[in-house]
Number of protein chains: 2
Amino acid sequence: MNRSYTGANLPTLRSHNAALVLDLLRTAGEAGISRLELAEGTGLTPQAVSKITARLRAEGLAAEAGRRPSTGGKPRTVLRLVPDAGYAVGLHLDRDELTGVLVDLAGTTVAVRRAPLDLGADAEVVLEAATRAVAALVLPPPGPDGPTTPGPERGLTLLGVGVAAPGPLDHGRGVLHRVTGFPQWDGFALRDVLSERLGLPVVVDKDTNAAALGLALRARPGGGSFAYLHLGTGLGSGLVLGGALYRGARTGAGEFGHQTLQLDGPPCSCGGRGCVEALCLAAVAGGDLAEAARVLGTGAANLVGLLDIDRVLLGGRVVAADEEVFVRGVEAVLADRARREGSGPAVPVAAVAGDGRAVADGAAQLVLAPVFGHADIAFPGAASGAGAAEGASGADGAAGGSGGPLGGFPAVI
Amino acid sequence: MNRSYTGANLPTLRSHNAALVLDLLRTAGEAGISRLELAEGTGLTPQAVSKITARLRAEGLAAEAGRRPSTGGKPRTVLRLVPDAGYAVGLHLDRDELTGVLVDLAGTTVAVRRAPLDLGADAEVVLEAATRAVAALVLPPPGPDGPTTPGPERGLTLLGVGVAAPGPLDHGRGVLHRVTGFPQWDGFALRDVLSERLGLPVVVDKDTNAAALGLALRARPGGGSFAYLHLGTGLGSGLVLGGALYRGARTGAGEFGHQTLQLDGPPCSCGGRGCVEALCLAAVAGGDLAEAARVLGTGAANLVGLLDIDRVLLGGRVVAADEEVFVRGVEAVLADRARREGSGPAVPVAAVAGDGRAVADGAAQLVLAPVFGHADIAFPGAASGAGAAEGASGADGAAGGSGGPLGGFPAVI
DNA sequence: CCACTTAAACAACGCTGTTGCCAAAGTGCA
DNA sequence: TGCACTTTGGCAACAGCGTTGTTTAAGTGG
């Protein structure tokens with residue numbers, strides 16, 4: 001299984017370009033984009049774009065939507081992504097809560113469902129809760145946000161289910177490891193078991209990775225790198241480098257919490273000393289949020305320096321409770337660093353809005369991202385993507401086939 | 001200039017596969033590799049490999065070299081890379097020394113040249129020294145390592161010159177920034193100036209990046225991620241993630257030395273406090289190498305945890321002077337960390353051999369790597385690759401055209 | 001000596017994006 | 001009102017890619 005397989009043939013080429021066009025359609029959103037702009041954006045000839053968009057329209061993934069004002073000649077025809085050509089479910093299995101979302105191809109969350117969850121309970125109980133959540137999200141009429149949205153009717157095309165859980169885990173194989181506090185999950189093949197049960201492709205990833213992926217897809221297209229720092233019961237991070245999610249070979253990347261920030265500092269629950277998490281949580285517990293922000297900022301500054309990233313995003317319950325303090329505190333440390341180096345403006349810091357859903361939304365993007373060619377940074381050694389259960393409700397396989405882009409194929413989704 | 005241009009057409013496809021095959025030929029080395037093994041390794045059909053290798057042979061990049069023993073049928077024909085089909089010069093502009101190497105397509109260093117250099121001198125002086133080094137490496141008979149090596153005869157195909165210099169600098173544009181201690185270089189367009197002067201493509205990168213790239217190409221093919229930590233007059237690093245060099249958007253990645261390792265610790269020359277570099281160099285100055293290694297190891301552990309890398313490589317003059325102490329010291333810290341986490345064996349640590357040439361060798365690989373499809377992790381925003389001076393001695397452009405792989409095109413090299 | 005196996009080239013093919021050409025659909029001036 | 005002009009985008013022919021089917025080459029083993 002340790003093969004590279006990066007050779008590319010014509011179907012690969014076709015998928016790559018189709019995914020590229022789909023991604024531009026996606027980022028254009030409601031406004032749409034013309035064929036010539038697609039050609040400009042991809043570097044393909046207008047004629048190639050015409051052919052590709054014709055295929056996409058035939059498959060129901062794209063549609064014409066009005067015209068631009070003329071600039072002296074025939075006006076450009078605007079194309080748009082058809083949002084309900086495909087849906088994905090995102091599940092966030094948190095320690096005490098399950099959040100599920102239904103997201104359409106355009107990235108719009110069309111339904112949300114929350115339920116209490118005990119991640120420490122028996123596997124069967126958790127799986128049953130997940131199954132119920134998926135069923136509830138898919139089956140019923142429109143959803144909580146009313147009939148204004150063109151609610152998915154029965155028989156919608158469900159591309160798969162993305163599951164975000166606390167780490168550590170193996171994204172490639174979809175197996176959980178010893179989730180902190182819940183050792184009974186160690187070695188549980190969540191992806192395969194859930195996929196079998198649902199009859200749908202399932203992708204599993206760390207909660208922080210899912211959140212980062214979701215944020216990456218909402219950010220400006222192409223390039224851009226950022227760190228998502230999540231401060232809740234623990235401190236974790238998700239890394240997006242050059243526009244792609246970086247998981248590392250064993251899905252272990254982003255273990256931000258146990259970075260040593262104070263040599264021989266106070267002991268941490270991990271057994272180490274002076275970890276950011278320990279320092280930060282201690283400050284929070286002591287009520288000194290400014291100090292917590294300073295510690296977090298120092299860790300963030302290390303990240304910014306090491307990875308040369310473009311921005312820092314903050315999230316998690318603790319941050320959400322006092323956004324301003326944390327954003328300003330981290331900003332201050334980064335500004336100080338930028339001043340010392342004199343290398344341009346400081347890296348911007350922002351809090352993630354609507355945090356309660358960020359992880360679940362991102363989990364859905366685990367399924368949707370490959371359709372748009374958003375692969376992770378390739379690790380040929382590790383298996384990647386959703387292995388099990390093809391089809392089931394995959395319709396005519398329109399979007400299913402146009403999965404991986406060239407270079408670093410994820411396994412079929 | 002901020003375009004993506006990741007659309008792929010047939011020539012792109014061809015280049016990608018050709019580069020892939022070339023890379024397998026390169027890693028096979030003297031032993032060579034058969035067509036069927038190439039097919040196995042690329043995922044292409046044997047017939048496609050036959051066509052591609054036929055082209056490569058026609059271009060003089062590959063040649064048949066013997067046969068394998070038969071396994072009951074026609075024996076496999078072994079193919080090998082033709083090493084002298086192309087050469088690259090690598091220059092390491094260090095603060096007090098210039099090291100130049102001539103490297104062939106197979107990655108063998110066929111000539112070395114060292115000369116004292118004052119990087120603080122006038123630009124003209126430094127450029128003249130660089131020009132002389134290139135001329136000396138290319139013109140004379142075989143070189144210092146005697147007539148055993150099939151020395152490049154006059155008229156060799158020189159693909160370009162890679163230059164490694166202390167950072168910070170902009171790899172994409174080939175412009176130096178304020179090199180620590182030598183502010184006069186700030187804004188100097190080294191790539192374009194040198195390219196104009198030599199009539200050759202030139203690529204500029206940080207010394208640590210070049211070293212890491214060189215090491216990456218020598219490592220096991222595909223995948224694999226590691227950090228190269230360089231402890232000399234300062235402390236820097238080069239990151240290879242998923243087999244590809246990671247520079248960040250502004251070539252700033254790898255600023256390892258000024259990671260805060262001790263909150264509110266002793267002041268550092270950078271203006272910050274508790275930086276790894278300050279702590280490490282202080283320990284070295286105090287003669288406590290074990291402590292220096294422990295500090296370095298703690299910083300390395302942060303890297304390993306954050307990026308989930310596979311191994312740590314150490315280099316630089318200070319390390320070279322006491323390899324054992326540093327390797328063991330860093331190993332100890334990483335082993336301790338692995339034991340706490342219980343997640344498999346500790347990450348291996350090793351010192352880089354022949355350190356005096358590691359950077360220069362890597363600089364040459366800045367030119368050679370794209371031929372084999374080794375692109376960096378893409379940052380569509382930043383211009384990349386060697387822009388200037390095409391041709392000159394580019395021969396029939398055989399290798400020149402087969403530059404970028406699919407996905408994240410570097411500008412033509 | 002011949003049957004069998006394996007490797008690799010030859011030939012025909014389907015499909016890709018590209019090029020050349022032309023119809024469609026506007027604007028703007030006479 | 002009409003005609004020239006501009007711009008968009010489809011149609012058709014094409015070159016080039018990897019693939020498939022077949023044949024030839026070059027060995028082993030009974």
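Letters A, B, ... are given to chains in the order of the sequence lines, protein chains preceding strands, and every chain is numbered from 1. Only this structure's heavy atoms are used, side chains among them; waters, hydrogens and symmetry mates stay out.
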Asker: So which heavy atom on G32(B) is nearest to which on R68(B), and how close?
Answerer: O-NH2, 3.4 Å

Asker: What residues, two or more places apart in sequence or in another chain, satisfy side chain to side chain donor-acceptor pair (under 3.5 Å) together with R218(B)?
Answerer: none

Asker: With sequence neighbours left out, what residues match Q47(A) under side chain to side chain donor-acceptor pair (under 3.5 Å)?
Answerer: none

Asker: Quick one: L20(A) CG to dT16(C) P, roughly how many Å, whole number?
Answerer: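 So the CG-P distance, L20(A) to dT16(C), works out to 16 Å.
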
Asker: Quick one: side-chain contact (heavy atoms from CB on, under 4.5 Å) partners of V82(A), sequence neighbours excluded?
Answerer: A63(A), D84(A), A85(A)

Asker: Can you tell whether the side chains of R35(A) and E40(A) come within less than 4.0 Å, N to carboxylate O?
Answerer: no

Asker: At under 4.0 Å between heavy atoms, how does the protein contact nucleotides 10-20 of chain D? Give one character per nucleotide, 5' to 3', with B, S or -.
Answerer: BBB---BBBBB

Asker: Examine the side chains of N9(A) and T12(A) and answer whether a donor and an acceptor come within less than 3.5 Å of each other.
Answerer: yes

Asker: Quickly work out the E37(A) CD to dG9(D) C1' distance and round it to whole Å.
Answerer: 14 Å

Asker: Generate the contact string for nucleotides 22-30 of chain C. Rules: B means base contact, S means sugar-phosphate contact only, - means no protein heavy atom under 4.0 Å.
Answerer: --BBBS---

Asker: Does R247(B) pair with D205(B) as a salt bridge, N-O distance under 4.0 Å?
Answerer: yes

Asker: Expressed as a whole number of angstroms, how long is the span from R68(B):CZ to dA25(D):P?
Answerer: 24 Å

Asker: Under the side chain to side chain donor-acceptor pair (under 3.5 Å) rule, collect the residues that match up with T77(B), sequence neighbours excluded.
Answerer: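 So T77(B) forms no side chain to side chain donor-acceptor pair (under 3.5 Å) with any residue.
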
Asker: Heavy atoms only, 4.0 Å cut-off, all strands: where does T77(B) land among base, sugar-phosphate and nothing?
Answerer: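 The answer is sugar-phosphate, as T77(B) gets under 4.0 Å only of primed atoms, P, OP1 or OP2.
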
